[in-house]
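Working notes for the structure below.
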Amino acid sequence: MSGTRTIIHFLSILILLLWSAVLLYFHLSGRVSAYLPPDGIFRQMVLISGIGLAVVALFNLFTTNAEDAGCEAHGCDHDHGHDHKHGGCGHDHSHDHEHKHGEACDHDHAHEHVHHEGCGHDHGHEHKHDAGCGHDHGVHEHANHDHSHGILAESSWPGRIAALLVLTAPLTWAAFQSPDRYSANAIANKGLYNPNYSDTTNADKFTLRTETLTTKPDRAAPKVTPLPDAPLPPPAQFQKPDAVAKAAPKPPDKANSYGSFTLEDLKKQVPQSKEGNFILEVPEIYYTAGDLEVQKVITGQPVETIAQVLPEKVNNANGHRLRVFRMLVQCCAADARPYSVPVDFGKKAPEYKDMTWVKVTGTMSYKKEGDQTVPIIEATKIEETTAPADAMIY
(Lines give C-alpha, C1' and ligand atoms only; values in the text may rest on other atoms or scores of the structure.)
Protein backbone atom coordinates (compact mmCIF):
# COMPACT_ATOMS: atom_id res chain seq x y z
CA MET A 1 0.00 0.00 0.00
CA SER A 2 1.43 3.37 -1.00
CA GLY A 3 2.06 6.14 1.53
CA THR A 4 -0.92 8.19 0.36
CA ARG A 5 -3.25 5.22 0.47
CA THR A 6 -2.03 4.36 3.97
CA ILE A 7 -2.79 7.88 5.22
CA ILE A 8 -6.27 7.81 3.64
CA HIS A 9 -6.96 4.38 5.11
CA PHE A 10 -6.18 5.49 8.66
CA LEU A 11 -8.06 8.79 8.23
CA SER A 12 -11.16 6.79 7.25
CA ILE A 13 -10.78 4.67 10.39
CA LEU A 14 -10.49 7.78 12.56
CA ILE A 15 -13.67 9.25 11.04
CA LEU A 16 -15.59 6.05 11.84
CA LEU A 17 -14.25 6.10 15.41
CA LEU A 18 -15.24 9.76 15.81
CA TRP A 19 -18.83 9.12 14.73
CA SER A 20 -18.97 6.07 16.98
CA ALA A 21 -17.63 8.03 19.96
CA VAL A 22 -20.19 10.83 19.52
CA LEU A 23 -23.14 8.43 19.32
CA LEU A 24 -21.95 6.48 22.37
CA TYR A 25 -21.34 9.73 24.26
CA PHE A 26 -24.86 10.94 23.50
CA HIS A 27 -26.26 7.65 24.80
CA LEU A 28 -24.12 7.32 27.94
CA SER A 29 -24.44 10.98 28.93
CA GLY A 30 -28.24 10.87 28.80
CA ARG A 31 -28.51 13.49 26.07
CA VAL A 32 -30.40 11.06 23.84
CA SER A 33 -33.00 10.59 26.57
CA ALA A 34 -33.48 14.36 26.64
CA TYR A 35 -33.87 14.62 22.87
CA LEU A 36 -35.90 11.52 21.94
CA PRO A 37 -39.08 10.00 23.44
CA PRO A 38 -38.83 6.59 25.13
CA ASP A 39 -41.31 4.88 22.82
CA GLY A 40 -40.06 3.31 19.62
CA ILE A 41 -36.49 2.21 18.93
CA PHE A 42 -34.79 5.60 18.46
CA ARG A 43 -32.83 5.55 21.71
CA GLN A 44 -31.72 1.95 21.23
CA MET A 45 -30.66 2.59 17.63
CA VAL A 46 -28.25 5.32 18.74
CA LEU A 47 -26.44 2.79 20.95
CA ILE A 48 -26.51 0.07 18.28
CA SER A 49 -25.21 2.46 15.60
CA GLY A 50 -22.37 3.64 17.84
CA ILE A 51 -21.26 0.08 18.55
CA GLY A 52 -21.61 -0.88 14.86
CA LEU A 53 -19.41 1.98 13.65
CA ALA A 54 -16.76 1.07 16.24
CA VAL A 55 -16.76 -2.56 15.07
CA VAL A 56 -16.34 -1.52 11.41
CA ALA A 57 -13.49 0.84 12.32
CA LEU A 58 -11.64 -1.81 14.32
CA PHE A 59 -12.14 -4.38 11.58
CA ASN A 60 -10.59 -2.02 9.03
CA LEU A 61 -7.72 -1.32 11.43
CA PHE A 62 -6.89 -4.97 12.06
CA THR A 63 -7.13 -5.87 8.36
CA THR A 64 -5.00 -3.01 7.08
CA ASN A 65 -2.41 -5.27 5.40
CA ALA A 66 -4.88 -7.88 4.14
CA GLU A 67 -5.34 -6.18 0.77
CA ASP A 68 -1.60 -5.98 0.08
CA ALA A 69 -1.10 -9.62 1.03
CA GLY A 70 -3.84 -10.74 -1.32
CA CYS A 71 -2.55 -8.58 -4.15
CA GLU A 72 0.99 -9.93 -3.83
CA ALA A 73 -0.32 -13.50 -3.92
CA HIS A 74 -1.82 -12.76 -7.34
CA GLY A 75 1.07 -10.70 -8.67
CA CYS A 76 -0.97 -7.47 -8.77
CA ASP A 77 2.07 -5.23 -8.59
CA HIS A 78 3.92 -6.82 -11.50
CA ASP A 79 4.04 -5.97 -15.17
CA HIS A 80 2.18 -8.64 -17.13
CA GLY A 81 3.48 -7.71 -20.58
CA HIS A 82 3.93 -10.45 -23.18
CA ASP A 83 7.68 -10.15 -23.24
CA HIS A 84 8.77 -13.67 -22.36
CA LYS A 85 12.33 -14.63 -21.46
CA HIS A 86 13.25 -18.21 -22.19
CA GLY A 87 16.43 -19.57 -20.73
CA GLY A 88 18.09 -16.23 -20.09
CA CYS A 89 18.82 -15.41 -23.74
CA GLY A 90 19.72 -11.76 -23.89
CA HIS A 91 19.00 -11.07 -27.54
CA ASP A 92 16.03 -10.83 -29.80
CA HIS A 93 14.62 -14.01 -31.28
CA SER A 94 11.84 -12.56 -33.33
CA HIS A 95 10.59 -14.79 -36.09
CA ASP A 96 7.99 -14.33 -38.67
CA HIS A 97 5.24 -16.87 -38.48
CA GLU A 98 2.20 -16.34 -40.49
CA HIS A 99 -0.72 -18.05 -38.76
CA LYS A 100 -4.14 -18.14 -40.29
CA HIS A 101 -6.83 -17.97 -37.57
CA GLY A 102 -9.79 -17.64 -39.78
CA GLU A 103 -10.80 -15.46 -42.61
CA ALA A 104 -10.50 -11.75 -43.26
CA CYS A 105 -8.27 -10.86 -40.27
CA ASP A 106 -6.14 -8.08 -41.73
CA HIS A 107 -4.02 -7.02 -38.82
CA ASP A 108 -0.73 -8.07 -37.39
CA HIS A 109 -0.59 -9.93 -34.09
CA ALA A 110 3.14 -9.89 -33.62
CA HIS A 111 4.54 -11.44 -30.45
CA GLU A 112 8.08 -11.00 -29.44
CA HIS A 113 9.39 -14.20 -27.84
CA VAL A 114 12.91 -14.70 -26.58
CA HIS A 115 13.73 -18.39 -26.64
CA HIS A 116 16.68 -20.55 -25.65
CA GLU A 117 20.24 -19.51 -25.06
CA GLY A 118 22.71 -18.83 -27.81
CA CYS A 119 20.16 -18.37 -30.55
CA GLY A 120 21.28 -15.54 -32.77
CA HIS A 121 18.40 -15.10 -35.14
CA ASP A 122 15.07 -13.37 -35.22
CA HIS A 123 11.96 -15.47 -34.62
CA GLY A 124 9.20 -12.95 -35.37
CA HIS A 125 5.61 -14.23 -35.66
CA GLU A 126 2.89 -12.85 -37.73
CA HIS A 127 -0.49 -14.18 -36.68
CA LYS A 128 -3.68 -13.97 -38.68
CA HIS A 129 -6.76 -14.30 -36.47
CA ASP A 130 -10.47 -14.56 -36.97
CA ALA A 131 -12.59 -12.59 -39.34
CA GLY A 132 -13.80 -9.20 -38.23
CA CYS A 133 -11.17 -8.70 -35.53
CA GLY A 134 -10.20 -5.08 -35.94
CA HIS A 135 -7.88 -4.57 -33.03
CA ASP A 136 -4.28 -5.10 -32.13
CA HIS A 137 -3.40 -8.04 -29.90
CA GLY A 138 0.04 -6.80 -29.13
CA VAL A 139 1.73 -6.51 -25.78
CA HIS A 140 -0.65 -6.09 -22.80
CA GLU A 141 0.51 -4.18 -19.77
CA HIS A 142 -1.14 -5.36 -16.49
CA ALA A 143 0.98 -3.37 -14.14
CA ASN A 144 0.33 -1.98 -10.68
CA HIS A 145 -3.35 -2.65 -9.94
CA ASP A 146 -4.23 0.22 -7.55
CA HIS A 147 -7.98 -0.17 -7.00
CA SER A 148 -8.68 3.03 -4.98
CA HIS A 149 -12.21 4.34 -4.84
CA GLY A 150 -14.04 7.12 -2.97
CA ILE A 151 -13.67 10.85 -2.59
CA LEU A 152 -10.71 10.60 -0.20
CA ALA A 153 -8.81 8.33 -2.59
CA GLU A 154 -9.67 10.03 -5.86
CA SER A 155 -9.53 13.72 -4.86
CA SER A 156 -6.53 15.98 -4.59
CA TRP A 157 -5.37 16.91 -1.10
CA PRO A 158 -7.39 20.16 -0.99
CA GLY A 159 -10.50 18.12 -1.85
CA ARG A 160 -9.62 15.53 0.79
CA ILE A 161 -9.19 18.19 3.46
CA ALA A 162 -12.54 19.74 2.54
CA ALA A 163 -14.24 16.32 2.73
CA LEU A 164 -12.68 15.64 6.14
CA LEU A 165 -13.92 18.96 7.48
CA VAL A 166 -17.47 18.27 6.23
CA LEU A 167 -17.46 14.83 7.85
CA THR A 168 -15.98 15.85 11.20
CA ALA A 169 -16.34 19.57 12.00
CA PRO A 170 -20.18 19.88 12.26
CA LEU A 171 -20.45 16.65 14.24
CA THR A 172 -17.72 17.65 16.69
CA TRP A 173 -19.23 21.11 17.15
CA ALA A 174 -22.71 19.71 17.75
CA ALA A 175 -21.43 17.18 20.27
CA PHE A 176 -19.40 19.50 22.46
CA GLN A 177 -20.68 23.04 21.85
CA SER A 178 -24.43 22.83 21.23
CA PRO A 179 -26.56 23.47 24.36
CA ASP A 180 -28.70 20.76 25.90
CA ARG A 181 -31.80 22.95 26.12
CA TYR A 182 -33.73 25.61 24.28
CA SER A 183 -32.89 29.23 24.87
CA ALA A 184 -35.48 31.69 26.16
CA ASN A 185 -35.75 33.24 22.69
CA ALA A 186 -36.36 29.83 21.12
CA ILE A 187 -39.14 29.11 23.64
CA ALA A 188 -40.77 32.46 22.92
CA ASN A 189 -40.59 31.84 19.17
CA LYS A 190 -42.32 28.49 19.63
CA GLY A 191 -45.45 30.21 20.96
CA LEU A 192 -44.85 30.68 24.67
CA TYR A 193 -46.76 33.95 24.87
CA ASN A 194 -49.65 33.16 22.55
CA PRO A 195 -51.09 29.86 23.79
CA ASN A 196 -54.38 28.62 22.43
CA TYR A 197 -56.20 27.34 25.52
CA SER A 198 -59.14 26.15 23.43
CA ASP A 199 -56.92 23.82 21.42
CA THR A 200 -57.62 20.13 22.08
CA THR A 201 -54.70 18.59 20.17
CA ASN A 202 -53.31 16.67 23.16
CA ALA A 203 -56.20 17.15 25.56
CA ASP A 204 -56.84 13.41 25.80
CA LYS A 205 -53.35 12.89 27.26
CA PHE A 206 -53.77 15.42 30.04
CA THR A 207 -57.48 15.41 30.85
CA LEU A 208 -58.33 15.23 34.55
CA ARG A 209 -61.32 13.07 33.74
CA THR A 210 -61.22 9.29 33.61
CA GLU A 211 -62.48 7.47 30.54
CA THR A 212 -65.64 6.34 32.38
CA LEU A 213 -66.49 9.95 33.18
CA THR A 214 -66.11 11.21 29.65
CA THR A 215 -67.90 8.36 27.88
CA LYS A 216 -71.67 8.36 27.98
CA PRO A 217 -73.49 5.01 27.89
CA ASP A 218 -75.58 6.09 24.91
CA ARG A 219 -72.40 6.41 22.81
CA ALA A 220 -72.09 2.62 22.66
CA ALA A 221 -73.28 0.91 19.52
CA PRO A 222 -76.79 -0.54 20.01
CA LYS A 223 -77.13 -4.28 20.15
CA VAL A 224 -79.03 -5.59 17.14
CA THR A 225 -81.18 -8.73 17.58
CA PRO A 226 -82.24 -10.47 14.37
CA LEU A 227 -86.00 -10.87 13.93
CA PRO A 228 -87.40 -14.41 13.96
CA ASP A 229 -89.16 -15.79 10.92
CA ALA A 230 -92.42 -16.50 12.88
CA PRO A 231 -94.77 -13.62 13.81
CA LEU A 232 -93.98 -11.90 17.12
CA PRO A 233 -96.31 -12.50 20.11
CA PRO A 234 -98.27 -9.57 21.55
CA PRO A 235 -96.29 -7.22 23.84
CA ALA A 236 -96.05 -8.49 27.44
CA GLN A 237 -97.83 -5.50 28.97
CA PHE A 238 -100.89 -6.36 26.98
CA GLN A 239 -100.85 -9.89 28.34
CA LYS A 240 -100.32 -9.17 32.09
CA PRO A 241 -100.08 -5.43 32.68
CA ASP A 242 -100.06 -5.71 36.53
CA ALA A 243 -97.16 -8.17 36.60
CA VAL A 244 -95.11 -6.02 34.24
CA ALA A 245 -95.65 -2.91 36.38
CA LYS A 246 -94.51 -4.70 39.54
CA ALA A 247 -91.36 -6.09 37.87
CA ALA A 248 -90.23 -2.71 36.47
CA PRO A 249 -87.29 -1.03 38.35
CA LYS A 250 -88.02 2.02 40.44
CA PRO A 251 -87.04 5.37 38.92
CA PRO A 252 -83.92 7.00 40.45
CA ASP A 253 -84.27 9.71 43.06
CA LYS A 254 -82.47 12.15 40.72
CA ALA A 255 -81.32 12.06 37.16
CA ASN A 256 -77.77 10.93 36.35
CA SER A 257 -75.50 13.59 34.96
CA TYR A 258 -73.26 11.75 32.54
CA GLY A 259 -69.95 13.53 31.98
CA SER A 260 -70.10 15.46 35.28
CA PHE A 261 -66.97 15.97 37.36
CA THR A 262 -66.82 16.20 41.14
CA LEU A 263 -64.22 16.88 43.81
CA GLU A 264 -64.17 13.16 44.58
CA ASP A 265 -63.35 12.49 40.95
CA LEU A 266 -60.49 14.99 41.18
CA LYS A 267 -59.10 13.27 44.26
CA LYS A 268 -59.24 9.89 42.58
CA GLN A 269 -57.57 11.17 39.45
CA VAL A 270 -54.86 13.48 40.82
CA PRO A 271 -52.27 12.75 43.56
CA GLN A 272 -52.02 15.12 46.51
CA SER A 273 -49.03 16.25 48.55
CA LYS A 274 -48.91 15.83 52.33
CA GLU A 275 -50.12 19.44 52.55
CA GLY A 276 -53.18 18.51 50.48
CA ASN A 277 -52.09 20.25 47.27
CA PHE A 278 -53.14 18.64 44.00
CA ILE A 279 -49.91 17.83 42.12
CA LEU A 280 -50.44 18.75 38.47
CA GLU A 281 -48.29 19.09 35.38
CA VAL A 282 -48.49 22.38 33.51
CA PRO A 283 -50.19 20.76 30.46
CA GLU A 284 -52.89 19.37 32.78
CA ILE A 285 -53.55 22.88 34.12
CA TYR A 286 -53.40 24.23 30.56
CA TYR A 287 -56.20 21.97 29.32
CA THR A 288 -58.58 22.69 32.21
CA ALA A 289 -59.31 25.97 30.42
CA GLY A 290 -61.42 24.04 27.91
CA ASP A 291 -63.51 22.06 30.41
CA LEU A 292 -66.19 23.98 32.33
CA GLU A 293 -67.06 21.05 34.62
CA VAL A 294 -63.43 20.69 35.72
CA GLN A 295 -63.07 24.45 36.18
CA LYS A 296 -66.03 24.52 38.56
CA VAL A 297 -64.43 21.84 40.72
CA ILE A 298 -60.80 22.93 40.69
CA THR A 299 -61.34 26.69 41.13
CA GLY A 300 -60.02 27.65 44.56
CA GLN A 301 -58.35 24.28 45.11
CA PRO A 302 -54.69 24.21 46.23
CA VAL A 303 -52.30 23.05 43.50
CA GLU A 304 -48.58 22.72 42.99
CA THR A 305 -46.44 22.21 39.93
CA ILE A 306 -42.79 22.10 38.89
CA ALA A 307 -41.86 24.02 35.77
CA GLN A 308 -39.42 26.49 34.22
CA VAL A 309 -39.98 30.19 34.59
CA LEU A 310 -39.76 33.20 32.27
CA PRO A 311 -41.03 36.78 32.62
CA GLU A 312 -44.67 37.36 31.70
CA LYS A 313 -45.02 39.65 28.68
CA VAL A 314 -48.81 39.67 28.14
CA ASN A 315 -51.58 41.05 30.37
CA ASN A 316 -49.01 42.05 32.96
CA ALA A 317 -49.08 45.84 33.12
CA ASN A 318 -48.66 45.87 36.92
CA GLY A 319 -45.77 43.34 36.91
CA HIS A 320 -47.53 40.89 39.21
CA ARG A 321 -47.06 37.82 37.02
CA LEU A 322 -44.50 35.28 35.88
CA ARG A 323 -45.05 32.57 33.28
CA VAL A 324 -44.22 28.92 33.95
CA PHE A 325 -43.98 26.30 31.21
CA ARG A 326 -43.06 22.75 30.31
CA MET A 327 -41.93 21.45 26.92
CA LEU A 328 -43.98 18.67 25.34
CA VAL A 329 -42.26 16.40 22.81
CA GLN A 330 -44.22 14.55 20.14
CA CYS A 331 -41.43 12.87 18.13
CA CYS A 332 -38.11 14.48 19.09
CA ALA A 333 -36.74 17.61 20.74
CA ALA A 334 -36.92 19.48 17.43
CA ASP A 335 -40.74 19.50 17.50
CA ALA A 336 -41.06 20.31 21.22
CA ARG A 337 -43.81 22.79 22.08
CA PRO A 338 -44.13 24.92 25.24
CA TYR A 339 -47.28 24.62 27.36
CA SER A 340 -47.52 27.57 29.71
CA VAL A 341 -49.76 29.26 32.27
CA PRO A 342 -49.41 32.58 34.11
CA VAL A 343 -48.63 32.73 37.83
CA ASP A 344 -50.03 35.78 39.65
CA PHE A 345 -48.53 36.96 42.97
CA GLY A 346 -50.95 39.83 43.67
CA LYS A 347 -47.92 42.09 44.05
CA LYS A 348 -44.62 42.62 42.29
CA ALA A 349 -43.46 39.22 41.03
CA PRO A 350 -40.11 37.92 42.27
CA GLU A 351 -37.20 37.87 39.85
CA TYR A 352 -35.67 34.65 38.63
CA LYS A 353 -33.02 33.89 36.07
CA ASP A 354 -34.61 32.86 32.77
CA MET A 355 -35.31 29.14 32.44
CA THR A 356 -34.89 28.47 36.18
CA TRP A 357 -36.73 25.42 37.50
CA VAL A 358 -39.23 26.39 40.21
CA LYS A 359 -41.87 24.76 42.35
CA VAL A 360 -45.05 26.87 42.48
CA THR A 361 -47.77 26.45 45.09
CA GLY A 362 -51.09 28.34 44.95
CA THR A 363 -54.78 28.12 44.21
CA MET A 364 -56.46 27.78 40.82
CA SER A 365 -58.48 30.53 39.22
CA TYR A 366 -59.78 31.38 35.75
CA LYS A 367 -60.11 34.74 34.04
CA LYS A 368 -61.52 35.82 30.71
CA GLU A 369 -58.76 37.60 28.80
CA GLY A 370 -59.57 38.55 25.23
CA ASP A 371 -61.48 35.70 23.69
CA GLN A 372 -59.91 33.01 25.89
CA THR A 373 -60.47 31.59 29.35
CA VAL A 374 -57.02 31.63 30.94
CA PRO A 375 -56.05 29.28 33.80
CA ILE A 376 -54.08 31.23 36.42
CA ILE A 377 -52.22 30.01 39.49
CA GLU A 378 -52.71 32.49 42.34
CA ALA A 379 -49.33 31.91 43.94
CA THR A 380 -48.82 31.54 47.67
CA LYS A 381 -45.27 30.20 47.42
CA ILE A 382 -42.52 29.83 44.82
CA GLU A 383 -39.08 28.33 45.31
CA GLU A 384 -36.19 27.26 43.11
CA THR A 385 -35.89 23.51 42.68
CA THR A 386 -33.98 20.87 40.75
CA ALA A 387 -35.04 19.79 37.29
CA PRO A 388 -37.13 16.60 37.09
CA ALA A 389 -35.67 13.43 35.63
CA ASP A 390 -37.42 14.15 32.33
CA ALA A 391 -36.99 17.84 31.58
CA MET A 392 -39.37 17.42 28.66
CA ILE A 393 -42.75 15.71 28.81
CA TYR A 394 -43.32 12.90 26.30
Side-chain angles (χ1 to χ4, degrees), residues 33-43 181-216 219 258-261 265-266 269-271 278-299 301 303-310 312-315 321-343 355 357 360 364-377 387-394:
S33 298
Y35 296 156
L36 299 173
D39 53 325
I41 61 172
F42 295 110
R43 293 183 180 181
R181 63 180 186 178
Y182 283 106
S183 66
N185 287 335
I187 299 295
N189 291 335
K190 280 181 168 285
L192 178 73
Y193 294 111
N194 58 338
N196 180 9
Y197 294 110
S198 61
D199 179 28
T200 59
T201 303
N202 293 297
D204 57 329
K205 295 181 181 179
F206 302 104
T207 180
L208 298 185
R209 297 171 178 268
T210 61
E211 183 64 25
T212 56
L213 291 173
T214 57
T215 303
K216 294 183 179 181
R219 291 181 183 176
Y258 297 112
S260 64
F261 191 77
D265 295 326
L266 181 65
Q269 186 76 359
V270 179
F278 290 101
I279 302 172
L280 296 170
E281 297 284 9
V282 172
E284 291 175 320
I285 299 173
Y286 180 99
Y287 280 113
T288 61
D291 193 323
L292 291 175
E293 291 285 345
V294 172
Q295 290 176 32
K296 292 176 183 178
V297 172
I298 202 171
T299 296
Q301 296 295 330
V303 297
E304 68 178 55
T305 190
I306 292 176
Q308 289 178 276
V309 64
L310 282 172
E312 177 63 290
K313 295 183 179 180
V314 295
N315 300 316
R321 292 182 180 182
L322 293 175
R323 182 162 288 265
V324 294
F325 71 93
R326 290 293 300 272
M327 298 296 288
L328 178 66
V329 174
Q330 295 283 8
C331 177
C332 63
D335 67 10
R337 169 190 171 187
Y339 282 75
S340 67
V341 295
V343 179
M355 310 292 286
W357 285 93
V360 179
M364 281 303 305
S365 65
Y366 296 86
K367 185 177 180 181
K368 193 75 172 179
E369 295 182 352
D371 58 351
Q372 295 197 91
T373 299
V374 179
I376 301 172
I377 302 176
D390 288 324
M392 298 187 184
I393 299 175
Y394 300 98

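Atoms considered below: every heavy atom in the structure, side chains included; atoms not considered: hydrogens, waters and symmetry mates.
Between Pro388 and Trp357, the shortest heavy-atom contact is CD-CZ3, 3.4 Å. Scanning both residues, Leu266 and Leu208, for their nearest heavy atoms gives CD1-CD1, 4.1 Å. Between Val297 and Phe261, the shortest heavy-atom contact is CG2-O, 3.0 Å. Nearest approach of Val341 to Tyr197, heavy atoms of both residues: CA-OH, 4.0 Å. Closest approach of Arg323 to Ser340, counting heavy atoms only: NH1-OG, 2.8 Å. Taking all atoms of both residues into account, the shortest heavy-atom contact from Arg326 to Ile393 is NH2-CG1, 3.5 Å.
With hydrogens and angles disregarded, no donor-acceptor distance shorter than 3.5 Å links the side chain of Asp390 to the backbone of Met392. Remark: side-chain polar atoms of Lys367 are not paired, donor with acceptor, to backbone N or O of Pro375 under 3.5 angstrom. The backbone N or O of Pro195 sits less than 3.5 Å from a side-chain atom of Gln372, completing a donor-acceptor pair. Panel note: side chain Ser183, backbone Ala186; a donor-acceptor pair is recorded below 3.5 Å. Side-chain atoms of Gln295 come within 3.5 Å of backbone N or O of Thr288 as a donor-acceptor pair. Between the Gln308 side chain and the Met355 main chain, a donor and an acceptor come within less than 3.5 Å of each other. Using a distance-only test at 3.5 Å, with no hydrogens or angles considered, no donor-acceptor pair links the side chain of Tyr366 to the main chain of Ala289.
Side-chain contact between Met364 and Ile285: present, with at least one pair of heavy atoms (C-beta onward) separated by less than 4.5 Å. Tyr182 has its side chain within reach of Lys190: a pair of non-hydrogen atoms, C-beta onward, lies under 4.5 Å apart. With contacts defined as side-chain heavy-atom distances shorter than 4.5 Å, the pair Leu280/Val270 qualifies. The shortest side-chain heavy-atom distance between Pro283 and Asn202 does not fall under the 4.5 Å cut-off. Side-chain contact between Ile306 and Glu281: absent, with no pair of heavy atoms (C-beta onward) separated by less than 4.5 Å. Annotation: side chain of Gln269 is not in contact with side chain of Thr207 (no heavy-atom distance under 4.5 Å). Counting only heavy atoms from C-beta outward, the side chains of Val294 and Arg209 approach each other to under 4.5 Å.
With respect to the salt-bridge test (charged N to carboxylate O, under 4.0 angstrom), the residues Glu369 and Arg321 qualify. Ionic pairing of Asp199 and Arg337 is present here: one or more N-O contacts between side-chain nitrogen and carboxylate oxygen are shorter than 4.0 angstrom.
Taking the six-membered ring where the residue is Trp, the centroids of Tyr339 and Phe325 are separated by 6.0 Å or more.
In Lys313, the NZ atom is not crowded: 12 or fewer heavy atoms of neighbouring residues, nucleotides or ligands sit closer than 6.0 Å.
Atom CD1 of residue Ile377 and atom OG of residue Ser365 lie 9.0 Å apart, to the nearest 0.5 angstrom. In this structure, CD on Glu293 lies 13.5 Å from CD1 on Ile298, to the nearest 0.5 angstrom. One finds the CG atom of Asn196 at 8.5 Å from the CG atom of Asp371 (value rounded to the nearest 0.5 Å).
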- Message: For a side chain to side chain contact (heavy atoms under 4.5 Å, CB included) check, start with the C-alpha distance between Val343 and Glu312, then their side-chain angles and the critical distance, and finish with the verdict.
- Response: CA-CA 9 Å; Val343 179; Glu312 177 63 290; over 6 Å; no
